[in-house]
Amino acid sequence: MATSSERSPPPFPDSEDHDVLDSEEVGGRDSDEDDVGDELFTSAVNSPLTEHGSTPSPASQPSDVSMKPLRDILDDPLIEPLSSQTENKPTTEDASEPSDDFGNLTSNITDSPGDTAADATEIPLDKHADDFVDIFGVEAEAPRGKVVVADVTIETAAHKREAANDVTDPPGDRKTGSNDEEQEVKETSTDSIIDLSDDLPASDSQQPPPARDRFIDPLVNLLSDSPAASDAKIPSRATVDLFKDEGSDLFADPRQHKSAHQPQKSLLDEPDEDLFCESLWAASKKLVSKEPRGKPDATKAASNVSNTGGPLQEAADLFSQEAVTAVPGIKNASTVNSKTNGVHSEEEKEIFAEATVELSLDSPRDERRNDVSARPSASASALSAAASLAKSQSASLEELDEEEQEDKFEISISVKDPEKIGDGMNAYMAYKVTTQTQLAMFRYKTFTARRRFSDFLGLYEKLSEKHGPNGFIVPPPPEKSILGMTKVKVGKEDSSSADFVARRRAALERYLQRVVNHPSLLQDPDVREFLEREELPRAVGTQALSGAGFLKMINKATDAVSKMTIKMNESDVWFEEKLQEVESADQQFRKLHTLVESLVVHRKELSLNTASFAKSTAMLGSAEDNTALSRALSQLAEVEDKMEQLHQEQAANDTFSFAELIADYVRVVDHRMKAWQRWQDTQAALQKKKETEAKLLWANKPDKLQLAKEIAEWEVKVTQYERDFDKVSATVRKEVNRFDVRTLLFMHSRAQMKMTLMTDLYLLCDATERKGQELQKRDN
Amino acid sequence: MTSSIDESNKEKMRSVSVDLNHDASLLIDIPDALCERDKVKFTVHTKTTLSSFQKPDFSVPRQHEDFIWLHDTLVETEDYAGLIIPPAPPKPDFESPREKMHKLGEGEATMTKEEYTKMKQELEAEYLAVFKKTVQVHEVFLQRLSSHPFLSKDRNFQIFLEYDQDLTVRRKNAKEMFGGFFKNMVKSADEVLISGIKEVDDFFEQEKTFLLDYYSKIKDSTAKAEKMTRSHKNIADDYIHISATLSTLSADDTTANKKHLEKLADLFEKLRKVEGRVASDQELKLTELLRYYMRDIQAAKDLLYRRARALVDYENSNKALDKARLKSKDIPQAEQHQQQCLQKFDKLSDSGKKELTSFKGRRVVAFRKNLIEMAELEIKHAKNNVTLLQGCIDLLKSI
């Protein structure tokens with residue numbers, strides 16, 4: 001993923017690596033951001049610099065200065081907010097003792113030059129900001145302190161401040177709060193946003209973030225709860241329209257005032273340094289944050305640079321979005337115009353690119369909406385590139401809109417740095433699991449843990465134990481490979497074992513991503529523990545060749561047998577039909593899965609064969625004594641070589657998206673079967689008991705009283721299992737719904753991918769043809 | 001299982017592997033072929049202006065074994081030792097499609113009816129392709145002969161073309177088969193022995209190294225290309241199953257997904273066709289080309305062997321002459337023998353040089369032609385694929 005690809009990704013970026021399962025929006029965007037993140041972390045730090053060099057401007061100085069802190073922070077990725085600037089962020093936990101914290105903050109922030117402060121004060125802070133200022137009056141001169149505080153505390157302050165005793169997890173509160181208010185919010189969301197847009201000219205910079213957050217949550221709930229989230233869509237569309245109209249008008253002004261003036265000042269000043277540190281810091285976080293933040297933040301960022309807290313971090317988002325391009329754009333701007341222009345053009349491009357990608361990838365259901373919202377917003381955001389709040393608001397809404405059906409968890413996980421620990425057969429690979437999140441349920445924004453493969457398996461065991469029966473799809477971990485691991489253990493640095501580790505690393509990353517993308521699984525304490533805890537108790541029973549493993553095998557076998565013997569002799573026709581439906585779906589999907597697997601196998605074969613043919617052709621070319629023909633043959637070899645890569649990519653794509661997807665489907669159907677079976681079994685048992693009772697009654701035996709009790713128990717059980725089954729069915733329906741969307745998205749992505757491949761192929765063929773013609777000419 | 005080839009198809013595939021400049025005086029083609037059990041009966045049609053033939057236009061039925069007979073007699077003719085004898089067409093191999101058909105029949109229960117029909121169609125298409133290919137290689141063999149200045153005058157060749165009864169060439173019996181095998185053994189052993197001989201002519205020395213090297217390379221390439229083609233085929237087959245399963249799913253599905261699944265099934269079906277075409281075109285244009293030239297190079301190598309053999313004979317006769325002179329016995333005899341060997345060797349060298357040069361030209365031309373054609377076809381298929389996928393994307397979007 002560490003491609004240093006600049007932000008002009010092909011129409012369909014690396015989604016292949018990313019499971020479509022990760023998010024509805026399709027890996028494409030995720031990976032985009034990952035890319036950016038990587039860039040930021042690794043090399044990109046240089047890129048703004050280099051860009052700078054090429055366009056020297058007054059701004060170049062600050063940016064240079066900013067480089068250092070940036071790097072520092074990046075090197076020490078924020079596990080503990082060490083630097084003075086980053087100190088501001090942990091407010092999530094700090095919020096419990098705000099005063100203390102802000103004492104710190106202020107003390108730290110006093111260093112940070114007053115320019116930003118001045119700027120911030122210049123802008124009339126809205127009531128929230130005022131609130132904020134009041135509450136933590138200390139930082140009157142240090143608005144910067146609000147960076148994150150704004151995000152978290154203001155919301156809590158606004159809505160739930162008193163209630164927010166459990167401050168370690170304010171968002172959680174906020175969330176539940178909003179859950180409670182779901183209905184209300186649903187109704188108000190439109191209003192509030194309209195208000196916002198009205199307020200915008202008044203540079204109401206603080207309000208939007210909470211509002212948006214509020215808006216997000218209900219949406220999440222709405223969407224995940226109601227498959228047809230039409231309710232939610234309507235308001236949001238309204239707002240989009242609203243912004244489409246107003247956006248540009250409104251922002252002719254703001255653009256110049258807010259984003260141009262003040263930012264510039266601050267940009268050129270020392271605080272800038274802080275700003276960029278933070279932004280980068282936030283950018284890293286941005287990886288974590290999923291879409292909803294993305295665009296709005298990006299746009300907002302520009303305007304907010306000077307404004308107040310939250311924005312700073314959003315500014316970072318801007319960078320992550322705009323990657324390298326936007327940064328220099330802003331920094332280099334020496335005049336209002338140039339600046340807006342620079343950003344404008346860049347962003348325009350960016351946004352358009354994104355818009356199109358989204359268009360093509362979005363599920364048909366979203367489609368229409370996208371057409372409505374994405375385009376206008378794209379152009380709109382292009383217009384107000386320097387990003388006004390309203391703008392960002394609209395963008396955010398639009399984002400929301402697009403991603404309604406998505407799991408909105410601002411978390412991203414990367415698995416990196418596989419490292420061999422130990423020697424011989426006791427050696428194992430440990431992977432660094434880095435989590436970056438916006439979620440307040442985690443104590444830090446970024447943290448890492450070393451985990452070995454069996455830990456991943458252990459997590460799966462726990463999860464599937466807990467959630468499997470409820471009908472959730474617990475994403476499957478990559479399978480154990482004794483052979484591969486043994487090779488790694490024994491072998492030195494040979495390429496096949498390196499390949500194995502690389503593949504496993506990617507699979508683990510996908511696995512974790514899938515887990516955290518599941519709304520329910522993410523809440524699971526085990527998941528949190530897995531991600532956060534330094535040391536994890538050694539997972540047991542995950543070894544392939546152990547007693548536990550053996551037991552598991554037996555269990556599986558029993559499962560299989562019982563599945564075969566499930567006889568649902570149901571008199572009810574409805575159930576009969578359902579059963580058949582479920583069974584045939586199960587069967588078909590299994591078949592499809594096998595087929596796709598074999599397709600993958602064949603593709604791999606093809607790619608292998610193509611590779612060997614390419615090699616062989618190259619040899620033939622070298623043996624050929626006719627120069628033209630020799631060249632033609634080596635070109636053919638080259639083409640075939642590229643084809644081989646295409647085939648390989650395709651095979652990987654098929655595995656990771658198509659096959660995995662179907663496997664998941666199979667799993668869902670499976671759960672339902674099991675629940676059904678349990679229900680039926682109990683019912684049968686109850687029946688038996690009843691019969692015995694009747695017999696006993698008839699025989700007039702004395703122990704019937706006890707039996708009656710038993711029967712009552714069984715009856716309770718039956719009802720319970722029935723409820724279970726209903727629950728599972730409901731969940732499955734929900735899951736399947738999620739799934740349908742995914743399937744569609746997947747199809748799009750796949751077709752897109754294939755098209756890209758084919759276009760490539762076409763180009764290659766074209767090359768071949770040209771080669772042929774050339775050859776012909778030569779020969780003639 | 002009986003099939004025949006229609007005229008229109010044949011036109012296209014004629015001389016795919018070799019580009020022959022037809023001499024209008026003798027035109028040969030195989031317009032029709034009939035497959036009965038193991039035997040394939042080709043109708044060999046000849047059109048000629050040459051006076052050595054009785055009629056200007058005639059057709060005769062021939063079997064694969066007749067072709068082999070013709071080839072063998074040509075190889076054995078001493079006069080043609082200096083020529084590259086066109087490689088004999090390989091034996092028609094209908095085993096693999098037949099076997100597959102058998103397997104398919106066994107697995108019928110596991111497939112839906114639709115799937116089975118499609119698989120069957122696919123196999124039939126494959127069978128037909130093999131059949132066409134077989135006809136084509138036989139035709140090419142005859143055309144190579146007819147376009148050759150000397151070989152076209154061969155008596156046996158003319159008989160082969162003209163004799164309107166069944167040639168009823170006697171099948172090789174076991175002894176002859178064994179004899180042939182033994183001969184091959186001797187030949188390869190001899191080749192090894194001869195390889196130690198110092199080459200007198202640079203041209204042949206180079207040619208030999210080149211051909212040996214080239215042969216091993218092209219053999220490798222052929223095998224690889226075959227594998228690759230087969231993989232394409234496998235993928236096409238997978239597509240059939242996937243498409244069928246998807247359509248079953250869509251039939252069961254009652255939700256909004258139904259349409260998508262249908263479309264997807266449709267897409268896979270179309271993709272399958274394209275993939276199948278890719279496979280068969282690659283087979284025809286690439287693999288077949290490589291295969292043919294592999295055999296042709298083998299023929300060229302045989303020529304070199306014959307020449308080397310003659311060279312060895314000549315040197316031996318020189319030695320014999322020296323010995324005879326030493327002993328002053330049978331000198332004229334030895335001298336005569338030496339002269340004969342020299343003559344033969346010189347003749348072989350002369351015609352061999354010519355043949356090899358023309359062979360080189362022919363090879364380049366054929367490669368060029370086929371590669372271009374293949375590239376064109378691949379482009380066509382890729383374009384098709386893109387259109388299909390694009391269309392499907394649009395469809396899915398509009399749902």
Side-chain angles (χ1 to χ4, degrees), chain A residues 359-360 364-365 367 581 584-585 588-589 591-592 595-596 598-599 602-603 605-610 612-617 619-620 622-626 628-629 632-633 636 640 647 736 740 743-744 747-748 751-752 754-755 758-759 761-762 764-769 771-773 775-776 779, chain B residues 206 210 213-214 216-218 220-221 223-225 227-232 234-235 237-239 241-242 245-246 248-249 252-257 260-261 263-264 267 271 290 360 363-365 367-368 371-376 378-383 385-386 389-390 392-393 396-399:
Chain A
L359 272 177
S360 53
R365 219 194 290 181
E367 250 274 310
E581 193 188 303
S584 83
Q588 291 298 330
F589 273 107
K591 192 175 163 197
L592 195 59
L595 287 174
V596 175
S598 90
L599 176 70
H602 282 144
R603 263 203 213 295
E605 229 169 65
L606 175 63
S607 108
L608 267 181
N609 289 338
T610 315
S612 57
F613 175 67
K615 237 179 251 159
S616 159
T617 318
M619 298 281 282
L620 186 66
S622 70
E624 174 66 60
D625 58 351
N626 181 305
L629 187 52
L633 284 174
L636 179 66
E640 292 293 348
H647 289 316
V736 167
D740 284 350
T743 318
L744 294 177
M747 286 194 278
H748 279 280
Q752 279 271 342
K754 193 122 195 229
M755 208 182 70
M758 284 306 156
T759 324
L761 175 64
Y762 171 71
L764 290 180
C765 290
D766 210 40
T768 321
E769 193 194 22
K771 166 204 76 184
Q773 282 165 355
L775 184 68
Q776 209 165 14
D779 262 41
Chain B
Q206 271 173 16
F210 168 71
D213 185 32
Y214 204 75
S216 67
K217 300 276 165 59
I218 204 170
D220 186 48
S221 285
K224 300 285 160 57
K227 266 192 189 161
M228 192 172 71
T229 320
R230 212 162 34 234
S231 301
H232 271 294
N234 282 339
I235 286 177
D237 286 350
D238 284 340
Y239 279 159
H241 294 299
I242 290 176
T245 314
L246 280 172
T248 327
L249 267 177
D252 292 348
D253 208 324
T254 46
T255 61
N257 243 352
H260 301 142
L261 288 170
K263 289 279 174 281
L264 205 61
L267 171 74
L271 283 182
L290 290 172
K360 198 172 272 179
R363 189 171 43 104
V364 171
V365 170
F367 265 86
R368 194 193 67 196
L371 287 180
I372 290 173
E373 275 171 5
M374 189 184 79
E376 276 167 4
E378 292 259 317
I379 291 169
K380 204 181 95 197
H381 296 320
K383 267 183 191 158
N385 252 349
V386 174
L389 288 165
Q390 189 60 59
C392 189
I393 293 170
L396 286 177
K397 273 185 183 173
S398 66
I399 286 172

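Per chain, numbering begins at 1; letters A, B, ... match sequence-line order.
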- Task: List the atom of A/Phe613, the atom of B/Lys224, and the distance in Å for their closest heavy-atom pair.
- Result: CA-CB, 3.7 Å
- Message: I need the residue from A/Thr610, A/Thr617, A/Leu608 with the largest number of non-hydrogen atom pairs under 4.5 Å to chain B.
- Response: A/Thr610
- Query: Can you name the nearest heavy-atom pair linking A/Leu599 to B/Asp238, along with the distance?
  - Reply: CA-OD2, 3.1 Å
- Work out which heavy atom in B/Ile235 is nearest to a heavy atom in A/His602; give both atom names and the distance. CG1-CB, 3.9 Å
- Could you give the distance from CG (B/Asn234) to OG (A/Ser598), rounded to the nearest 0.5 Å? 8.5 Å
- Least distance between heavy atoms, A/Ala623 atom then B/Phe210 atom: O-CE1, 3.0 Å
- In Å and rounded to the nearest 0.5 Å, what is the CG to CG distance from B/Asp220 to A/Leu620? 9.0 Å
- Applying side chain to side chain contact (heavy atoms under 4.5 Å, CB included), name anything that partners A/Leu595, two or more places apart in sequence or on another chain. A/Lys591, B/His241, B/Ile242, B/Thr245
- Task: Please identify each residue that fulfils salt bridge (charged side-chain N to carboxylate O under 4.0 Å, His left out) with B/Lys217, with sequence neighbours left out.
- Result: B/Asp213
